[in-house]
Amino acid sequence: MTETTDETSADPLAVLLVDDNRDWLTLVVQRLREEAPDFDVREANSPEDALDRLTDDVECVVSDYYMPGRTGIELLSEVREDRPDIPFLLFTGAGNEGLASSALSAGADDYIVKTSVDDSATALATRVRTAVDKHRTERALAESEARYRTLVENVRDAIFVARDGAVVLVNEAATTLTGYDRAALTGGDIAETVVHPGDRGRVCDALDLSAPQSLDIRIRTRDGETRHCILDIDHVVDDGLPGTIGVLRDITAQVHHQRRLERERDTKEAMREILVRHSSRMEVAEAFCGYIGSDPETAVAWVGERTAGGGLDPLAVVGDESYLRAAGVVDADAVARHDSTEPSLTAFREGATVVRAVGDERAPDDGWTAAAAAAGIETAVAVALRYGGVDYGVLGVYNRGANDDRERRRLEELAETLGYALSTAESREALVADEVVRVRLSVRDDDAGILAVGDALGRDAELVVHTVLPRGDSERYFVTVRGADEAAVTDALAGLDGVTPGDVTAGEGVVRAQFDTVAPSLGTAIADAGGVLHRIVVAAGEATVVVDLPRRRPAGPFVEALAAAFDSVVMTARHHRTVESDVGASVLAGLTDRQRESLEVAYRTGYFERPKRRSAAEVAEAIGVSRSTFTQHLRAAQRKVFAELFDGERDGA
């Protein structure tokens with residue numbers, strides 16, 4: 001007896017026998033039930049009756065060929081309209097081989113030659129069971145393949161199956177990832193088709209090995225794009241034949257994200273080095289442009305600085321500066337600059353960020369795109385340089401490739417850092433400049449912090465600010481007070497919100513005090529706007545502020561920046577001041593910010609007096625550094641001072 005499947009042995013096999021000969025049908029049904037007790041045998045005496053009795057649970061139809069009204073083949077055709085896969089067997093007369101051939105050609109699964117009832121029943125049981133088992137197996141296989149394909153097609157990773165080096169199956173995700181259709185991927189060498197040439201050898205070696213492999217590789221899509229993927233390879237047996245299944249997972253986004261993080265880290269480190277190593281405006285601008293221009297995609301990077309007349313001149317240029325001349329960015333008159341749609345000029349004029357694609361038909365153009373195209377430039381990003389309310393100029397970057405939003409944000413962050421660096425550099429230069437613009441301001445705003453201290457001391461007291469040190473969200477002031485004793489100063493500082501008292505000592509007719517104030521702070525605003533504080537005198541509810549500006553810096557924007565932070569800011573005097581070159585100016589030019597700070601605070605707090613009014617630990621605490629760090633900065637500053645005095649040169653320590 002033919003071996004049955006689990007499904008066959010578990011479920012009764014419903015068979016519909018159709019024959020217009022009632023006697024023959026009754027005998028065959030009886031013998032068939034005896035021969036195959038697991039069969040559920042049903043009978044029909046006509047094709048019409050058969051169609052009525054053909055329920056969904058019937059798994060096989062056995063029909064006589066010759067019947068009134070319809071032949072067995074005609075019944076087969078009607079049955080297959082509703083049940084296209086149901087096994088259908090035909091009874092034929094003995095010796096009618098031509099009829100049997102026609103039946104098979106018409107789609108019948110098998111035929112049985114009518115002989116004796118016993119022989120016919122035995123043959124029928126065997127043929128029915130064989131046909132149904134085959135149908136059940138094919139149906140189970142089809143359902144399994146359907147589930148498999150549904151699973152494979154719904155996986156977001158690309159999947160391929162290869163045999164003898166040729167791909168025999170790919171899913172839809174593979175076509176989406178690579179850009180190739182199924183026909184292009186199947187039948188050929190997938191490594192040759194999509195794997196990046198630099199990784200092709202490793203992939204071929206992995207395919208030849210019998211052990212599972214996992215590789216980081218690159219692929220080339222049909223459009224020529226490079227994608228980063230993880231390729232997992234395993235070796236399987238498919239239909240008794242060895243094969244390979246591969247899963248490609250696209251990790252391009254993760255790779256780019258990691259590279260962006262590394263680039264941001266490298267950028268921060270590069271910016272720190274630039275700020276530490278360079279002090280002048282030109283050095284800072286050249287270093288920034290050099291860093292940006294190190295990218296092979298950058299055609300030209302430049303910093304244009306604001307001139308005293310409101311114009312724009314190159315401070316630093318890296319790359320092909322011929323574009324800047326051809327596009328009218330430099331060597332252009334004021335009218336041309338005012339009307340130009342060139343990105344750098346527009347960003348400077350509007351105080352904003354401008355991003356332009358050279359090939360964008362929507363972008364305004366007055367001839368600059370032709371110059372850009374000639375220089376191989378595809379996109380431009382220009383960012384206005386502004387810090388502390390002061391316009392410093394523009395940072396312009398012109399690339400040979402495309403720019404995305406992340407690149408725009410990166411350049412905006414660089415521009416913010418560059419604005420700060422230019423502001424700091426100008427402040428340093430103002431300290432040692434041969435000529436500065438000295439500005440005197442009147443400030444009447446209690447929120448300025450220092451004015452609140454003056455009001456608490458009383459209208460008869462005069463407070464003079466000598467040094468202001470930034471302290472994160474606050475500032476540390478070193479002042480002298482006349483017209484109030486030590487107790488009055490201590491009480492005044494202790495009673496103010498937003499003021500943290502420090503040391504208060506009396507001597508030589510004045511009271512020396514140290515305290516911190518929270519923002520908004522007048523000292524911070526002055527530094528952010530690019531000014532160098534000369535002194536602040538607070539008396540009778542008014543702060544008189546004296547600030548030095550670089551000669552090239554107009555006083556108007558500086559005053560506007562302070563007026564935006566505080567009320568009642570009025571410029572009362574402005575004049576150019578020539579500073580004679582002396583040892584002091586020369587020494588200041590060679591000191592770092594920390595060295596100058598350490599030296600000045602040590603002097604202001606009495607560290608050099610005998611006996612010392614403040615120890616090294618106390619001065620270090622006032623500055624906010626460790627004792628060893630303070631000592632290191634102080635000794636370096638002293639060496640430079642002594643070298644200038646005795647040798648006429650700095651030792652560079």
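No donor-acceptor distance shorter than 3.5 angstrom exists from the side chain of Ser598 to the backbone of Gln595, with no hydrogens or angles considered. With hydrogens and angles disregarded, no donor-acceptor distance shorter than 3.5 Å links the side chain of Asp216 to the backbone of His228. Counting only distance, with no hydrogens or angles, the side chain of Arg356 and the backbone of Glu342 share no donor-acceptor pair below 3.5 Å. Using modelled atom types, one side-chain atom of Asn171 and one backbone atom of Ile159 make a donor-acceptor pair closer than 3.5 Å. Here the side chain of Thr353 pairs no donor or acceptor atom with the backbone of Val383 at under 3.5 angstrom. Between the side chain of Arg200 and the backbone N or O of Ala191 there is at least one donor-acceptor pair closer than 3.5 Å. Judged purely by atom type and a 3.5 angstrom limit, His135 uses its side chain to pair as donor or acceptor with the backbone of Asp85.
Between Glu172 and Arg182, some side-chain heavy-atom pair lies under the 4.5 Å cut-off. The shortest distance between side-chain heavy atoms of Leu248 and Ile217 falls below 4.5 Å. Using a 4.5 Å cut-off on side-chain heavy atoms (C-beta onward), Thr379 and Val355 make no contact. Glu416 is not listed as a side-chain neighbour of Glu412, based on a closest heavy-atom distance of 4.5 Å or more. For the pair Val79 and Phe88, the minimum side-chain heavy-atom distance is below 4.5 Å. Within the 4.5 Å cutoff, the side chain of Leu231 has no heavy atoms near those of the Val195 side chain. Inter-residue side-chain proximity for Leu177 and Ile219 is flagged as met; some heavy-atom pair is nearer than 4.5 Å. At a threshold of 4.5 Å between non-hydrogen side-chain atoms, the residues Ile230 and Ser214 count as touching.
Rounding to the nearest 0.5 angstrom, the gap separating the CE atom in Met282 from the CD atom in Glu305 is 7.5 Å. Atom OH in Tyr323 sits 5.5 Å away from atom CD1 in Ile377 (nearest 0.5 Å). Atoms CD and CG, on Glu378 and Asn399 in that order, are 9.0 Å from each other to the nearest 0.5 Å. The distance from the CG atom of Asp320 to the OG1 atom of Thr298 is 13.0 Å, given to the nearest 0.5 Å. Separating the NE2 atom in His196 from the CZ atom in Arg202 is a distance of 11.5 Å, to the nearest 0.5 Å. Here the straight-line distance linking atom CG of Leu418 with atom CG of Leu385 works out to 5.0 Å at 0.5 Å rounding.
Minimum interatomic distance between Pro314 and Trp302 (heavy atoms only, all atoms of both residues): CA-CZ3, 3.8 Å. Considering every non-hydrogen atom in both Val318 and Gly290, the closest pair reads CG2-N, 3.7 Å. Across all non-hydrogen atoms, the minimal contact from Ile292 to Ala301 is CG2-CB, 4.0 Å. For Phe558 against Ile526, the heavy-atom pair with the smallest separation is CE1-O, 3.8 Å. Contact between Val394 and Ala382 at its shortest, heavy atoms only, is CG2-CB, 4.2 Å. Pairing each heavy atom of Asp250 with each of Arg227, the nearest pair is OD2-NH2, 2.8 Å.
For the residue pair Thr221 / Asp223, no side-chain donor-acceptor distance below 3.5 Å is found, with atom types taken as modelled. Side-chain atoms of Asp181 and Thr175 form no donor-acceptor pair, as typed in the model, at a separation below 3.5 Å.
For the side-chain contact (heavy atoms from CB on, under 4.5 Å) with Tyr180, the qualifying choice from Leu185, Thr186, Val170 is Leu185, the only one to do so.
One finds no salt bridge joining Arg409 and Glu413 here, because no Lys/Arg side-chain nitrogen approaches an Asp/Glu carboxylate oxygen to under 4.0 Å. For the pair Arg80 and Asp109, the salt-bridge criterion is met [side-chain N within less than 4.0 Å of a carboxylate O].
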For a side-chain contact (heavy atoms from CB on, under 4.5 Å) check, start with the C-alpha distance between Leu324 and Tyr398, then their side-chain angles and the critical distance, and finish with the verdict. CA-CA 10 Å; Leu324 300 177; Tyr398 301 82; 4.3 Å; yes
Apply side-chain contact (heavy atoms from CB on, under 4.5 Å) to Leu315 and Leu422, showing your working. CA-CA 11 Å; Leu315 182 61; Leu422 292 175; 4.1 Å; yes
Evaluate the criterion side-chain contact (heavy atoms from CB on, under 4.5 Å) for residue pair Arg220 and Thr226; output intermediate values, then yes/no. CA-CA 5 Å; Arg220 285 275 180 86; Thr226 298; 3.3 Å; yes
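Residue Arg83 places its CZ atom among more than 12 non-hydrogen atoms of other residues, nucleotides or ligands, all under 6.0 Å distant. Around atom CZ of Arg400, more than 12 heavy atoms belonging to other residues, nucleotides or ligands sit under 6.0 Å away.
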